[in-house]
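Contents: one structure, followed by commentary.
Please read all numbers here as calculations on a predicted model, not as lab measurements.
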2 protein chains.
Amino acid sequence: MSTSITIEQLKCFIAVSKEMNFRKAAKNLNMSQPPVTRHIANLEHNLKAKLYERNTRSVKLTKEGTLFLTHATEIISRIEDASKIITKNKDSMIGTVSLGFVPSMANEILPLIATHLKENLPQVKLIFKESMSFEQVEGLNTGSLDIGLTRLPKDLESFNYSRVVSEPYFLVINDDHELSKKENITVYDLHNIDFIMYDAVIGRYSFELLSSLFLNAGVKPNFVQYVSQPLVFLGLVRASMGVALLASTTKKHAPKNVTFKEIQLPGWVRSDVYLATRKQPKNNMTLQVYNNIMEALYNRIEA
Amino acid sequence: MSTSITIEQLKCFIAVSKEMNFRKAAKNLNMSQPPVTRHIANLEHNLKAKLYERNTRSVKLTKEGTLFLTHATEIISRIEDASKIITKNKDSMIGTVSLGFVPSMANEILPLIATHLKENLPQVKLIFKESMSFEQVEGLNTGSLDIGLTRLPKDLESFNYSRVVSEPYFLVINDDHELSKKENITVYDLHNIDFIMYDAVIGRYSFELLSSLFLNAGVKPNFVQYVSQPLVFLGLVRASMGVALLASTTKKHAPKNVTFKEIQLPGWVRSDVYLATRKQPKNNMTLQVYNNIMEALYNRIEA
DNA sequence: CGCAATTGATATTAATAAAGTATCAATAAA
DNA sequence: TTTATTGATACTTTATTAATATCAATTGCG
C-alpha cells in the first residue's frame, strides 16, 4: 500500500492514456503488463479517485482521469526539463539569479528592473518568481531565491535589505458614496463604513497594517469582503460594495466612477516594499544584480 | 545505479537544503541519515552535477544546486497540488457567503450585477465572495454559496447553470518580440517560445484548457513562469519574460509596448464563465436573484 | 596538544517493494 | 460455440531501499 504518488505511477498513467490499452502501454514502457495494472491501481488509491472506466474490453478516462492527465503530463515534463537544465547548463548557469516579487510589483517595477538589467548586465539570466512575502523569506533562507521584492521588514532582520517603494494609501471610493464629497477625511470617518479588506493570508502585510491602524484608532469599519487582487478591489468599489484603502500604484487602473481620494493617516501607514538578499550571497553575481536593481529604482525615484 | 530521478530524491534534496545538515534533514524526513546521503548521491549522479559542496563540517549549495532547488520545490508542490485538486480535499471557505465570483469578473460584470440588483431587488443584501472555481462548486454543494460566477462546466452538471461570458483568448506580446510582426499566428507558432503560464491551482481552469490545447497540438512552449493575476501577466510580458494567452477582458489594462494580438485557436479554446446555482435553492430569493442577474447580463449582451 | 563531540560516508545486514511468470475470467467477433 | 484479446490476480523471484553499526574527518575547548 504505497502512501505517496510515484513517478512510475505517473509514467504508467500517461502511457496508458496514450494507448488506451494496458498491454501496449506496458510494451512502450519496456515492462510486463501486471505492474502497469498495479501502478494505476495504486495511483487511484492515492488520489482516492477512479482514473479509468475499464473492463477487459475497453479503457476510458473518467472525468477525474482527464483532469489529472494534464497535471501528470505537466509534472513529468517538468522533471525532465529540470534534469536537462541542470545537466546541459552545468557550466553556463553561473549567471542565473532568481528574483521573487509580490504581485503589486509586477506592473511597473518589474519591467523597469528587467529592462535595466538587460542593458547593464545582459549576461545575467534572471528567473522571476511571483510569491507572497513570507514565501520569499523562506526562499531566501533555503537558497531557492537570491533576491526578493518583499514586504514584512520584521522577518528581514537577517538579510541585507533596503526600502525601494513607499507609497501612501488612498481611500478608494465610488463617486456615489456619502464620503465622496467630504473634505479632510481621516481614519475616524471609516467607522461603521462598509469596507473591503485585504485577505488575511494572501495580503497578510496590508491586512495586519490596516488592522493595527483601525485598532489603534479605535475605529471599526464594517468588513464586507476579504479580497487580494487589486482589480477585484476596484471592481467591488465600483459595484458600491464599500470603500477600500489601496496604494497609489493601482490608481491608473481605476474604472469609471471610482476615485482615489486623499486620506490623512499616521506616517507609518504606508505601502512599503523592500529589496532583500542574503548577507552572504552565494555568488557575486547576486550582489551585482542587487546593486543594479537598486540603481534602476533609484533612477526612478529621481524621475 | 538508479536511472531516473525519484520523488524521494527530490524530497531529500529539499529537506537537506532547508536544514543544510544531513542528519537533521533525515530526522525531519523520519528516516536515518545514510539513505539521505545515498539519495543525494544518486540525484547528483542522475543530474551529472554536484548539488552540494560538502564535507563532515559544512554543507553548501553549489550553483547547480541552487538552480535545481527552485525546480525541485516546484515539482514537489506541483505533485501535492495535483493530488489535492483531484482528491478535492480543499477546505471550505471561511464564513458564509452568497455570490461567488472568479477574479476576472470583478472588473466589469460585478458592478453591472450590483447596480442592476440595487435597482430591481433593493431589499436583497448580496454578499460577494471572491473565490476560485472549484471552491465555488464546493460552496454550492455545502450550501455556503447560493450562486456562483464560475468556470469548470464539467463540475456543474448537478446545478442549474448557463453561460454568461465567452471570450476569445488573445496572444499578449511585447512589441519587441519576434512574433509581433507575424501575421496569422496559430498555436504552432508557440512551440519552444518562452511562455507565461497560468498557475495550476489558482488559475486551474485556464491552466487545464491551455494544457489540453498544447497537448492536442503537440506544441511545447517553454513555460518560464506560473502566474495567476492578470496584472502580473501584463507586467511580465512588458518585461519581455515571454508571451501569454489572456482573455480579452484584460485588454484595457495593457501597458505600453504590450499588444493583444489575434491568434487562431480551436473553437473550444475560450474563456467561459457560467452562472450556477443549486437545482433546489434554499429559498426562493436565490432564484429571484439568479434570474435578475441573468437579466442584467442579457441586457449587456444586447448592448 | 589532546580529547570529546559532531559531521557526512560506507559496509553489511534486514526489510520492503517491485517485477516477472503463469493463469484467470470477461468479453466481443466470427 | 469457439477463439483471440483484454485487464486482473496469485505466486515467486529479483531488485531496491532502509537501518545498524562504524569510520574518518573536522572543529572547539581546555
A:Y274/A:F159 aromatic ring centres below 6.0 Å: no

Listing request: all salt bridge (charged side-chain N to carboxylate O under 4.0 Å, His left out) pairs with a residue in residues 211-227 of chain B, at least two apart in sequence or in separate chains. A:D81-B:K220

Side chain to side chain donor-acceptor pair (under 3.5 Å) partners of A:E44, counting only residues at least two apart: A:R54

Can you name the side-chain contact (heavy atoms from CB on, under 4.5 Å) partners of B:S166, sequence neighbours left out? B:R163, B:R270, B:D272

Which residues share a salt bridge (charged side-chain N to carboxylate O under 4.0 Å, His left out) with B:D199, sequence neighbours left out: none

Give the rounded distance in Å between these two atoms: CD of A:Q9 and P of C:dA19. 10 Å

Could you tell me how far apart B:E53 (CD) and D:dT26 (P) are, to the nearest whole angstrom? 14 Å

Salt bridge (charged side-chain N to carboxylate O under 4.0 Å, His left out) partners of B:E208, counting only residues at least two apart: B:R204

In whole angstroms, the gap separating C1' of D:dA19 from CG of B:N30 amounts to 14 Å

What is the separation between atom CG on B:L43 and atom C1' on D:dT16, rounded to the nearest whole Å? 17 Å

Centroid-centroid under 6.0 Å between A:H71 and B:F207 rings: yes

Whole-Å distance between D:dT16 C1' and B:M31 CE? 14 Å

Take the protein atom CD of B:E8 and the nucleotide atom C1' of C:dA18, then report the distance between them rounded to whole Å. 13 Å

Whole-Å distance separating the CG atom of A:N42 from the C1' atom of D:dT9: 14 Å

Treating primed atoms plus P, OP1 and OP2 as sugar-phosphate and everything else as base, which nucleotides of nucleotides 2-13 of chain C get B, S or - for protein heavy atoms under 4.0 Å? ----BBBBB---

Let me check something: any side-chain donor-acceptor pairs from residues 23-36 of chain B under 3.5 Å, sequence neighbours excluded? List them with distances.
residue	atom	partner	partner atom	Å
B:N28	ND2	B:E19	OE2	2.7
B:Q33	NE2	B:T37	OG1	3.0

Rounded to whole Å, the CG-P distance (B:N46 to D:dT16) equals 13 Å

Set of side-chain contact (heavy atoms from CB on, under 4.5 Å) partners for B:E80, sequence neighbours left out: B:I76

Through what angle, rounded to 10 degrees, does the axis of the helix from C:dC1-D:dG30 to C:dA30-D:dT1 turn between its ends, using five pairs per end? 30°

